[in-house]
Amino acid sequence: MRTSIATVSVSGTLAEKLTAIAAAGFDGIELFENDLLASPLSPEEVRLRAADLGLTIDLYQPFRDFEAMPADSLSAGMRRAERKFRLMERLGADLLLVCSNVSPAAIDSDDLAADQLRSLASLAAEYGIRIAYEALAWGRHVDDYLHAWRIVRQAGHPNLGVCLDSFHILSRGSDPIGIEAIPGEKIFFLQLADAPLLAMDVLQWSRHYRCFPGQGMLDVAGLVGHALRAGYAGPLSLEVFNDVFRQADARRTALDGMRSLIALDVPEPVVPSGFAFAELAAADPGPLGEMLTALGFARTGDQLWEQGAARIVVREAPGKAALAAIGLESPDPDASMARAEALRAGVVPGERAIAAPDGTRITFRPPASPGPVTGHVVEIDHVALTQPWHHFDGAALFYRAVLALTPQPSLEVPDPYGLLRSRAMNAGPVRVVLNITQVQGLPSQHIALACDDLVATARALPPGLLLPIPANYHDDLDARYDLPPDYRDLGILYDRDEHGEFLHLYTVTLGHVFFELVQRIGGYRGYGAVNAPVRLAVQHALAAGEGQVPPQ
Ligand SMILES: O=C(O)c1ccc(O)c(O)c1
Ligand SMILES: [Mg+2]
């Protein structure tokens, strides 16, 4: 299918937007009026620029507050429309989006709306232009797509159809099945946007938090299916209003948008079945090796450390210690790689690996048998990756679309200097936690190792390896739960949910990485996020050289 994107979805001047959109491989654009108004390019120049870049102008928008107005404002509306039709001739655009009226002056009459839209469509026809009528979720009298369709049907003009927008439909909780009752040729345009589930005014939600399909929690793919079954044959067009995208790099955003459209279309994902390994790199790998030894790992190869099914590769490379790569076990590594490439993942030159947006290399391996049992570590429980704030939605889309992980709701965690947003993505035992940092944030990643007995593990660790946890934390824990005194003595953090309990502790940070040791008891599903503020505060204090928290 043809792909399109509204110019409002990416940052920059109109010229920059066009360049970024073309570079990502889109076929066309929805030209937003404000982008044109602010552009020094004439409509003819915009038309030429788009054509040179291989882009068609699929839609011009928005045209507001036209229908169902008192009779005396009709001529002003028609005059305004005629100017826009002439403009569209210059642009070479033949589809105008008309949003349902939000004006307090609008009259609650479908007959009037249909009559006036019929007049508009007749005038448009003289210019070879068609009108796509869209129900805004906050429209004054028309806020539902089926209502908009009833008015279009009543108007009965060949140059009048509906524009369906997944956000307006799904945000109101309307059932998209009704789309299948609309003849495909009367669906003039299909706009796609996802959104996180937020309890807020729908206009604010739409104008600030829309995101690309797969980045939020709406079933955009299901809605596209209904439109295709109705016979819709126009472009799949992304229309995203998002405060972060307005500031982020346009090329990156446009590529994310393209990836989200490809993901709607690619067949069955290849779901990874486990972690094959995590790879750390450091100019001086010595301290990493020492820490792994202290954690009970056996060195089983030149660069390989193993314990149970947990495998850590330690490589010498310039820079401070950092997480460089993740190996995922795949039932079909070649198919995983092919899917990643189809979804425009960057392939690392000379390697069978792809690069995640945060730079982490990802490779796919067939499942392997576990290594030696040398301690209580059983496997890698999760990997936590830090993302810059403006890459968060892009990263979520990458891990969901390319790696077939299922996103969990975002959590917000207070940090001494800001708020950390955290979102887990998982597929069975493969768990990746994306953490957003703020400017002052600590750019650290961590590997969480699952243990079968955390108390025994902690007892065996040499002093100085663990992050010291303030006594206040354990005082509060004691107030809430009746826990073994070992937890306080060993600095173990604790959480529970309706499924079970979670014990965890953290090592000090080496370069940009630290380890977490975790024990899940009875199906606990989370990641101890309630305890993250304590960890972050202690890490900040240590990084600021505020010395050691006094031993308890
Ligand atoms: O927020 C708006 O006003 C607006 C305008 C045009 C659209 O297509 C839309 O979905 C929303
Ligand atoms: Mg829309």
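Whatever order the structure lists them in is the order used to number ligands and atoms, beginning at 1. Hydrogens, waters and symmetry mates play no part in the numbers below; they use all other heavy atoms, side chains included.
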Is it the side chain (CB and beyond), the backbone, both or neither of E33 that lies under 4.0 Å from ligand 1, heavy atoms counted?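 E33 to ligand 1: no contact under 4.0 Å from either part.
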
Contact atoms of ligand 1, heavy-atom distance to [X] under 4.0 Å:
X    : answer
Q191 : 8 (O)
E134 : 6 (C), 7 (C), 8 (O), 9 (C), 10 (O)
R207 : 1 (O), 2 (C), 3 (O)
R64  : 2 (C), 3 (O), 5 (C)
C99  : 5 (C), 6 (C)
H168 : 9 (C), 10 (O), 11 (C)
E239 : 6 (C), 7 (C), 8 (O), 9 (C), 10 (O)

Taking a cutoff of less than 4.0 Å between a non-hydrogen atom of the residue and any ligand atom, is [X] in contact with ligand 1?
X    : answer
S206 : no
F241 : yes
E30  : no

Hey, are [X] and [Y] close enough for a salt bridge, meaning a charged N less than 4.0 Å from a carboxylate O?
X    : Y    : value
R118 : D115 : yes
K84  : E33  : yes
D243 : R207 : no
R421 : E412 : no

Gap separating the OG atom of S4 from the CG atom of L55, nearest 0.5 angstrom: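 With rounding to 0.5 Å, OG (S4) is 8.5 Å from CG (L55).
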
Rounded to the nearest 0.5 Å, how far does CZ of F392 lie from CG of N435?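 Separation between the atoms: 7.5 Å.
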
The Mg ion (ligand 2) - closest N/O/S atom in [X]:
X    : result
E134 : OE2
D165 : OD2
E239 : OE1

Measuring only between side-chain heavy atoms, which start at C-beta, is M69 closer than 4.5 Å to S103?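 Yes, side chains in contact.
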
Could you tell me if the side chain of V383 sits less than 4.5 Å from the side chain of F275, heavy atoms only?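 When only atoms from C-beta onward are counted, V383 and F275 do touch, with a gap below 4.5 Å.
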
Can you find an N or O of W138 that's nearer than 3.5 Å to an N or O of ligand 1?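 Min N/O separation from ligand 1 is not below 3.5 Å for W138.
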
Report the C-alpha separation of T386 and Q445 in whole Å, then their side-chain angles, then the decisive distance to 0.1 Å, and conclude whether the side-chain hydrogen bond (donor to acceptor under 3.5 Å, both in side chains) test is met. CA-CA 6 Å; T386 307; Q445 295 138 320; 5.7 Å; no

Among all protein non-hydrogen atoms, which one is nearest to atom 6 (C) of ligand 1, and what is the separation to 0.1 Å?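 Here the closest protein heavy atom is Q61 OE1, 3.0 Å.
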
Consider only side-chain N and O atoms of N426 and H382, and report whether a donor and an acceptor are under 3.5 Å apart.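 No.
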
Just checking F241 against F167, ring centres under 6.0 Å apart?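 Ring centroids of F241 and F167 are no less than 6.0 Å from each other.
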
Closest by any non-hydrogen atom to atom 11 (C) of ligand 1: pick that one out of L136, V8, D165.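 Comparing heavy atoms across L136, V8, D165, the nearest one to atom 11 (C) of ligand 1 lies in L136.
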
Please determine if the Mg ion (ligand 2) has an N/O/S atom from Q191 lying under 2.8 Å away.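 It does; at least one qualifying atom falls short of 2.8 Å.
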
